[in-house]
Structures are given as C-alpha cells and as structure tokens.
Undergrad: 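Here it is, the structure, as structure tokens.
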Amino acid sequence: MSASNIIYVLLLIVLANIINNGVDAKHKVFHELQSKSKSLESVSPLHRTSYHFQPPRNWINDPNGPMLYKGIYHLFYQYNPKGAVWGNIVWAHSVSKDLINWEALEPAIYPSKWFDINGTWSGSATNVPGKGPVILYTGITENHTQIQNYAIPQDLSDPYLKKWIKPDDNPIVQPNHGENGSAFRDPTTAWFNKQDGYWRILVGSKKNHRGVAYMYKSRNFKNWVKTKRPLHSKAKTGMWECPDFFPVSVTDKKNGLDTSYNGPNIKHVLKVSLDLTRYEYYTLGKYNTKKDRYIPDGKTPDGWDGLRFDYGNFYASKTFFDDMKKRRILWGWANESDTVEDDVLKGWAGVQLIPRTVLLDTSGKQLVFWPIEEIESLRGKNVQMNNQKMEMGQSFEVKGITPAQVDVDVTFNVGSLEKAETFDTSYTTKPLELCNKKGSNVSGGIGPFGLITLATSDLEEYTPVFFRVFKDVLTKKPKVLMCSDAKPSTLETDTGSDQKQMMYKPSFGGFVDVDLADGKISLRSLIDHSVVESFGAKGKTVITSRVYPTKAVGEKAHLFVFNNGSQPVTVESLNAWNMQKPQKMNQGAH
Ligand SMILES: *[C@@H]1O[C@H](CO)[C@@H](O)[C@H](O)[C@H]1NC(C)=O
Ligand SMILES: *[C@@H]1O[C@H](CO)[C@@H](O)[C@H](O)[C@H]1NC(C)=O
Ligand SMILES: *[C@@H]1O[C@H](CO)[C@@H](O)[C@H](O)[C@H]1NC(C)=O
Ligand SMILES: *[C@@H]1O[C@H](CO)[C@@H](O)[C@H](O)[C@H]1NC(C)=O
Ligand SMILES: *[C@@H]1O[C@H](CO)[C@@H](O)[C@H](O)[C@H]1NC(C)=O
Ligand SMILES: *[C@H]1O[C@@H](CO)[C@H](O)[C@@H](O)[C@@H]1NC(C)=O
C-alpha cells in the first residue's frame with residue numbers, strides 16, 4: 001500500500017468513526033451504496049425466495065409491530081426504500097388475510113419530525129382496549145439520541161390502518177435518567193396489570209457491558225415512568241436489542257396466551273437479541289407482578305450459552321398473540337450470508353422467515369416452534385418414502401419434486417443406542433464447535449444422518465442438515481446434536497481483493513432434548529432457494545441457514561436422505577411437497 005493510500009484509508013477510518021458515532025453493529029452505514037436502488041427488472045431472481053416474505057427489492061431487517069386487527073394481519077418491517085444495504089430506514093407496511101399472501105401498503109412511519117428525523121427504528125404494536133392499536137417505536141433525533149415515540153392510526157374503521165399519525169406530544173420516553181442514549185431502543189408490546197392498573201413496556205439497553213431491559217409503566221398509555229428496577233439485566237452480555245416478554249401456558253399445549261394474561265400455571269419468556277454476537281437467547285421464568293420482578297428458572301442459563309428460538313441465522317425476532325386462532329406467532333429476520341457487493345448486485349437483502357407458533361414444551365424446560373398451519377396450503381405435489389433402511393454411507397434421492405422449493409418432513413428410527421459415541425461433558429456448551437468438528441462426512445456410531453438439501457447430484461455442492469447421537473456415560477441417556485452446515489453449500493470461492501468480504505458459510509448447531517425411547521426422531525425442512533429452515537424433533541430445536549449454491553439451483557437442485565454413521569438408520573416415513581408461490585407477495589411496494 002502506498003503512503004497516499006494509507007493516508008486515504010486512515011482518513012476513511014476517522015470519517016467512518018465520526019459518521020458511525022453511537023451506531024451499533026446492525027446499523028452499519030454504507031454511504032455510497034445505501035441509495036443505489038435497482039429497478040424491478042434488474043433484480044436477480046437467482047436465490048430469491050418463492051414463499052418467504054420479501055418485498056420486490058431492497059434491504060429489509062427487523063419485523064416490527066406484528067398484529068391482528070379486524071381480521072387483518074399486519075406486518076411492519078425495517079426497510080430501505082432506496083437500496084439493498086442498511087440505510088434510510090422506514091417502517092414498511094404489509095397486510096394479509098392468511099399470513100401467506102401479502103399486499104404492500106405505503107410506509108406507515110418514516111422520518112419527518114424532530115423526534116425521529118434521523119431514524120424510525122424498531123418497535124411493537126399493542127391493541128389498547130378503547131383506543132385501538134398503538135405503535136411504540138424508536139426515533140433517532142438530529143443529535144443521534146435514541147428516544148421512544150408512539151404512533152396511532154388515523155382511521156380506526158379502516159382494517160388496513162393505512163395512515164399513521166405521530167402526535168406532537170412525542171416522545172414518550174427519553175434517556176434522561178442515566179440511560180445510554182446511544183443504546184436505548186426497541187420498545188416491546190405493552191402488557192396490562194389488572195391489579196395495579198398499569199401498562200408496562202420494556203426498552204432494550206446496556207449499562208457499560210451489562211445488558212438491560214428497562215421497564216416503564218403508564219396508566220393512560222401516554223405518560224410513562226421508569227420503574228425502580230429494570231425487569232432484568234445480565235452482566236457482560238452487551239446491548240440487548242429487541243426484547244420480547246410474554247406468557248406461555250404450562251398446562252394448555254395447544255393455545256398461546258395474550259401478552260397481558262396473568263394467572264396460575266404460566267411461565268414467562270424473556271428473549272433478547274445480543275448485538276455483540278448477533279444471536280438471540282431466551283430464558284423461561286416466573287414473573288411476579290406484585291414485586292415487578294422476573295426470575296429466570298434455575299435450569300435455563302441466562303447468557304451466551306442460553307436457549308435459542310433458532311440456532312442459526314435468525315435475529316430481531318418478535319411475537320404477537322393471534323386472538324382469532326388463539327396462538328402466539330413468532331416472526332424473525334434472516335440476513336444475507338453473501339457479501340454487501342453481492343446484495344447490491346442482486347438488488348435485495350434479507351427475508352422474514354416463515355412465522356412459527358410458540359408453545360411451552362411438555363418438559364417445561366424449553367419452548368417448541370412449528371411453522372404456522374397456513375403454510376401447508378402452499379403444498380402441491382407430494383412424494384413419499386417408507387421403511388427405507390440406510391446402511392453406513394448410504395443415501396437415497398427424493399425424486400419427483402422440485403427440491404429447491406419444498407417442504408420435507410421425515411421421521412428416522414435409530415434403533416438401539418448401544419453403539420452411540422460417548423458424550424464428553426466438555427461438549428455441553430459447544431454444539432457449534434461440535435458441528436464444525438464432526439461434519440456430515442465424519443462417521444460416528446449413530447449418525448450423522450439426515451437430509452442433504454440444495455445438492456448437486458455428485459455432492460459438489462450441498463447443505464446437509466443432520467443429527468448425531470451421543471450417549472452420556474453417567475446417565476446412559478442419549479445426547480442428540482443437530483447441525484445445519486453451509487460450508488459445502490457453494491463452490492463460490494472468495495478470490496476477491498482485500499476489500500471483498502468473505503461469504504459467510506457457518507455450520508450451525510444445537511442440542512435436541514429427546515430421550516429416543518422409541519428410537520424415533522423427526523426432521524422437517526422448509527427449503528426455498530437460499531433458505532433452509534429446519535425443525536428437529538417437532539420443533540424442539542430449530543436451525544436456519546442461508547446458502548447460495550452456484551450449480552444446485554432451480555431445477556438442478558437435488559434432495560437426499562443419508563446416513564454416514566456405522567449403525568443403520570431407517571427412514572420410517574418421509575413426505576415431501578413441492579411448495580407453490582403465494583399469489584401475492586408485496587407487489588407494488590414503495
Ligand atoms: C453508550 O453506547 C454507545 C453505543 O454502543 C457506546 O459507544 C458508549 O460507549 C456507551 N456509553 C457509555 C457511557 O457506556
Ligand atoms: C439527519 O437528518 C437530516 C435531515 O433529514 C439529514 O440531512 C442528515 O443527513 C441526517 N443524518 C444522518 C447521519 O442520518
Ligand atoms: C439531544 O437531543 C435530546 C432530545 O432532544 C436532548 O434531550 C439532549 O439534551 C440532546 N443532547 C445533546 C448532547 O445535545
Ligand atoms: C458421507 O461420508 C462420505 C465419506 O466421508 C463423504 O464422501 C460424503 O460426502 C458424506 N456425506 C455427506 C452428506 O456429507
Ligand atoms: C468434510 O466436509 C467438510 C465441509 O463440511 C470439508 O471441509 C472437508 O474437507 C471434508 N472432509 C473430507 C475428508 O471429505
Ligand atoms: C448476518 O450476516 C453475517 C455475514 O455478514 C454476519 O456475520 C452476521 O452477524 C449477520 N447477522 C445479523 C443478525 O446481522
């Protein structure tokens with residue numbers, strides 16, 4: 001590098017620091033790229049999803065304010081109307097009757113007043129009885145302070161809630177009691193406490209390196225005061241983005257609960273998105289409304305090694321209660337794993353994953369997730385496989401479908417656990433490392449076995465999703481690892497210059513809490529061109545990967561089941577369905 005180049009680079013770094021002052025990792029600014037919008041014709045269809053939520057082009061991130069109003073589902077999301085990188089963020093707005101087909105409306109909220117002139121960031125919606133829906137969101141002021149504002153519909157009789165008003169008595173919450181105004185955002189849906197007549201919300205933050213969920217309360221939904229203590233905090237976890245706090249039933253295994261529900265036989269879930277790692281985690285616990293305290297169950301670790309909604313590419317998630325079908329639904333964003341340059345070339349970046357219902361697992365120790373039932377309405381042609389025994393190294397192709405766009409659900413039987421590998425207790429907190437060390441081509445006793453998605457016929461490219469069964473020497477119980485490995489997913493090599501980012505091809509992993517008493521374990525994957533969303537053991541462990549094959553694309557992709565363990569594994573039943581494209585996916589977005 002020449003001296004002038006070095007000076008230029010130093011200048012850039014200084015400049016970037018000035019511009020990015022107080023801007024966290026997610027909000028990376030690419031000034032020269034953030035308004036390079038592509039016309040529709042030039043948006044690359046390669047790797048674009050067919051049945052996931054996407055606008056026709058440009059950048060999206062966090063799902064915002066999901067809700068049901070007068071029979072219409074609303075989804076808002078962080079959107080750059082001018083390009084495929086983060087910047088110029090508005091609240092884009094889409095509506096649906098079935099959570100499958102979506103119609104794009106005009107952006108609901110965009111910078112226009114002093115209290116949000118430099119940003120309209122994430123937030124939530126609350127249906128306030130007697131008032132209607134109220135959105136709380138983070139506004140960025142001219143001096144880059146993060147404050148919380150509210151917005152209300154102009155016309156409550158319009159089920160589409162097309163127009164939103166930001167009253168002049170905003171903001172409702174400011175960082176003027178010692179909070180860090182550069183790390184103070186993402187207000188939650190409010191919950192109502194009948195006993196004291198107050199609404200409460202959380203705002204994500206950090207105090208030095210401690211992640212914090214500050215709590216505010218209000219009687220009239222307008223004047224909010226900070227509670228004496230935050231709802232919860234945890235040392236060394238850094239900024240808590242997008243907190244989500246809701247009850248789940250211990251006894252009712254079918255229905256979700258309204259956010260304000262309180263009563264016997266419930267637990268509460270506190271989820272946070274960690275800006276430091278770009279992963280989320282959650283705890284289950286008891287919320288004492290009298291003392292206003294949330295105490296996580298002793299069994300659920302609070303921090304890096306905690307439970308996750310999804311052990312893969314999944315962030316800034318948010319749930320809402322669907323009063324029509326009595327279920328709690330989870331939305332989550334998956335970013336791209338290719339490079340910023342790739343995103344600009346393809347003209348789009350980011351997808352919302354298939355909404356999932358959320359319930360407490362029968363064990364009471366974790367949540368379970370399952371794709372909303374509506375997604376099954378997109379299922380077309382079906383192929384099946386039954387009682388197919390796979391010896392070591394064997395694989396079978398699932399033929400007669402279009403594997404780049406399928407829903408596949410398979411139940412394996414592993415037989416006896418006798419020959420399972422021994423579980424080393426040092427593995428406990430390291431599913432990711434284990435998946436990296438023991439890939440789909442590293443033979444074990446029982447497993448690896450599973451699905452080979454988005455593959456070429458000769459496995460030049462493939463994304464394996466698989467299980468590996470260990471045996472705990474002390475307890476004699478199985479310990480099941482689930483992995484989704486993007487490493488072999490694409491032949492694309494990073495030959496570019498220093499500046500070119502590398503494509504992100506991680507192997508993701510999580511443990512699956514099953515006892516395998518009957519030898520059975522299921523795996524369902526929703527495959528959609530560049531998305532592989534996998535649900536292990538009926539949703540106990542979920543992993544999403546984003547992948548960009550160069551050859552295993554469209555009609556040329558294949559799907560296999562495989563076994564690379566020394567013990568035979570049987571495919572008891574397999575169903576695969578071609579997935580249709582929804583009729584409407586946000587045409588006419590702005
Ligand atoms: C406040 O947050 C910003 C953004 O993360 C950080 O750079 C700054 O150091 C924090 N300030 C304090 C006093 O912790
Ligand atoms: C802040 O907002 C003003 C007014 O819209 C705009 O001119 C300026 O570029 C914005 N700055 C940043 C860093 O977003
Ligand atoms: C930034 O703006 C906020 C909100 O208007 C205000 O309370 C605060 O004093 C300002 N900070 C500085 C450093 O100007
Ligand atoms: C199974 O193992 C063999 C031998 O290591 C390897 O060639 C093959 O790619 C593996 N299959 C998968 C899906 O990784
Ligand atoms: C096994 O697969 C990994 C990719 O997951 C690859 O890096 C490695 O070279 C493969 N090893 C063998 C022996 O094929
Ligand atoms: C998604 O992109 C990859 C590659 O750039 C990053 O490594 C991740 O941190 C990022 N994830 C989120 C949630 O932003």
Side-chain angles (χ1 to χ4, degrees), residues 15-31 34-35 59-63 78 80 82 84-90 110-122 138-146 175 178-186 204-212 214 236-242 272-281 308-317 332-344 349-353 432 486 494 500-508 530-531 544-548:
L15 250 178
N17 274 328
I18 292 169
I19 292 165
N20 285 346
N21 188 22
V23 173
D24 284 328
K26 171 168 68 184
H27 311 113
K28 208 177 266 175
V29 184
F30 299 92
H31 277 283
Q34 62 176 288
S35 57
W59 165 275
I60 71 171
N61 53 295
D62 312 5
Q78 297 275 289
N80 179 357
K82 297 185 180 162
V85 301
W86 186 84
N88 315 303
I89 294 294
V90 302
Y110 45 86
S112 67
K113 300 211 170 170
W114 74 266
F115 51 77
D116 65 9
I117 193 67
N118 279 107
T120 51
W121 290 6
S122 288
T138 299
I140 311 299
T141 63
E142 202 176 3
N143 70 13
H144 299 288
T145 304
Q146 301 176 7
E179 306 82 5
N180 183 338
S182 299
F184 185 61
R185 54 183 181 266
D186 308 338
S205 189
K206 66 175 176 185
K207 196 163 180 112
N208 301 317
H209 300 293
R210 174 178 280 271
V212 183
Y214 289 121
K236 296 190 185 131
T237 50
M239 175 65 192
W240 281 6
E241 296 192 296
C242 304
V272 295
S273 307
L274 298 180
D275 198 29
L276 276 180
T277 57
R278 310 298 284 164
Y279 293 121
E280 306 191 317
Y281 81 85
R308 296 206 209 146
F309 288 177
D310 186 310
Y311 290 81
N313 186 333
F314 187 87
Y315 198 72
S317 71
W333 162 60
N335 71 346
E336 299 304 307
S337 292
D338 57 5
T339 67
V340 171
E341 289 86 345
D342 291 332
D343 294 345
V344 172
V351 300
Q352 305 298 349
L353 295 170
L432 220 114
D494 302 287
K500 188 162 155 70
Q501 276 178 283
M502 303 281 271
M503 189 180 278
Y504 179 56
K505 294 191 275 187
S507 178
F508 290 122
S530 58
V531 180
T544 298
S545 291
R546 297 296 314 276
V547 293
Y548 309 85

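Residues: numbered from 1 along the sequence shown. Hydrogens, waters and symmetry mates play no part in the numbers below; they use all other heavy atoms, side chains included. All ligand and atom numbering here is 1-based and tracks the order in the structure.
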Undergrad: Quick check on contacts: which atoms of ligand 6 are under 4.0 angstrom from a heavy atom of Glu336?
TA: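 Taking each heavy atom of Glu336 in turn, ligand 6 has 1 (C), 2 (O) under 4.0 Å.
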
Undergrad: I need the atoms of ligand 1 closer than 4.0 Å to a non-hydrogen atom of Ser182, numbered in the order shown.
TA: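 Under 4.0 Å from Ser182, ligand 1 has these atoms: 2 (O), 3 (C), 4 (C).
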
Undergrad: Show the atoms of ligand 2 that are less than 4.0 angstrom away from any heavy atom in Ile117.
TA: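 In order of number, 2 (O), 4 (C), 5 (O).
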
Undergrad: Which of the listed options, Lys206, Glu179, Met239, holds the heavy atom that is closest to atom 5 (O) of ligand 1?
TA: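 Looking at heavy atoms only, the winner is Lys206.
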
Undergrad: Should Asn313 be counted as touching ligand 6, given the test is an N or O pair under 3.5 Å?
TA: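 So ligand 6 has no N or O lying under 3.5 Å from an N or O of Asn313.
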
Undergrad: Taking Asn80 for the side chain and Gln34 for the main chain, is one N or O donor matched with an acceptor at less than 3.5 Å?
TA: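 Yes, because the side chain of Asn80 sits within donor-acceptor range (under 3.5 Å) of the backbone of Gln34.
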
Undergrad: Under the ring-ring contact (aromatic ring centres under 6.0 Å, His included) test, which residues partner Tyr110, sequence neighbours left out?
TA: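 Per chain and number, Tyr110 pairs via ring-ring contact (aromatic ring centres under 6.0 Å, His included) with no residue.
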
Undergrad: Any idea which of Leu274, Asp62, Asn335 brings a heavy atom closest to atom 1 (C) of ligand 6?
TA: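 Considering heavy atoms of Leu274, Asp62, Asn335, the nearest to atom 1 (C) of ligand 6 sits in Asn335.
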
Undergrad: Can you list the ligand 6 atoms lying under 4.0 Å from a non-hydrogen atom of Tyr315?
TA: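 Once the distances to Tyr315 are compared, the set is 13 (C).
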
Undergrad: With distance as the sole criterion, is a donor-acceptor pair present between the side chains of Asn335 and Asn313 under 3.5 Å?
TA: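 A donor-acceptor contact under 3.5 Å links the two side chains.
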
Undergrad: Could you work out, with ring-ring contact (aromatic ring centres under 6.0 Å, His included) as the rule, every residue matching Phe309, not counting sequence neighbours?
TA: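 Result, ring-ring contact (aromatic ring centres under 6.0 Å, His included) vs Phe309: Tyr282, Phe369.
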
Undergrad: State whether the number of non-hydrogen atoms from other residues, nucleotides or ligands found under 6.0 Å of Lys113 atom NZ is greater than 12.
TA: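 Enclosed: over 12 neighbouring heavy atoms sit under 6.0 Å from NZ of Lys113.
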
Undergrad: Side chain or backbone of His144 under 4.0 Å from ligand 2, or both, or neither, by non-hydrogen atoms?
TA: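 The answer is the side chain.
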
Undergrad: By the definition ring pair (Phe, Tyr, Trp, His ring centres under 6.0 Å), identify the one residue from Trp121, Phe30, Trp333 that meets it with Trp86.
TA: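 The passing option is Trp121.
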
Undergrad: Within 45° of the axis and under 6.0 Å from the centre of the six-membered ring of Phe314, does NZ or CZ of Arg308 qualify?
TA: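 No; the conditions do not both hold, so Arg308 does not lie above the ring face of Phe314.
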
Undergrad: Closest by any non-hydrogen atom to atom 11 (N) of ligand 2: pick that one out of Asn88, Thr141, Asn118.
TA: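 Nearest option to atom 11 (N) of ligand 2, by heavy atoms: Asn118.
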
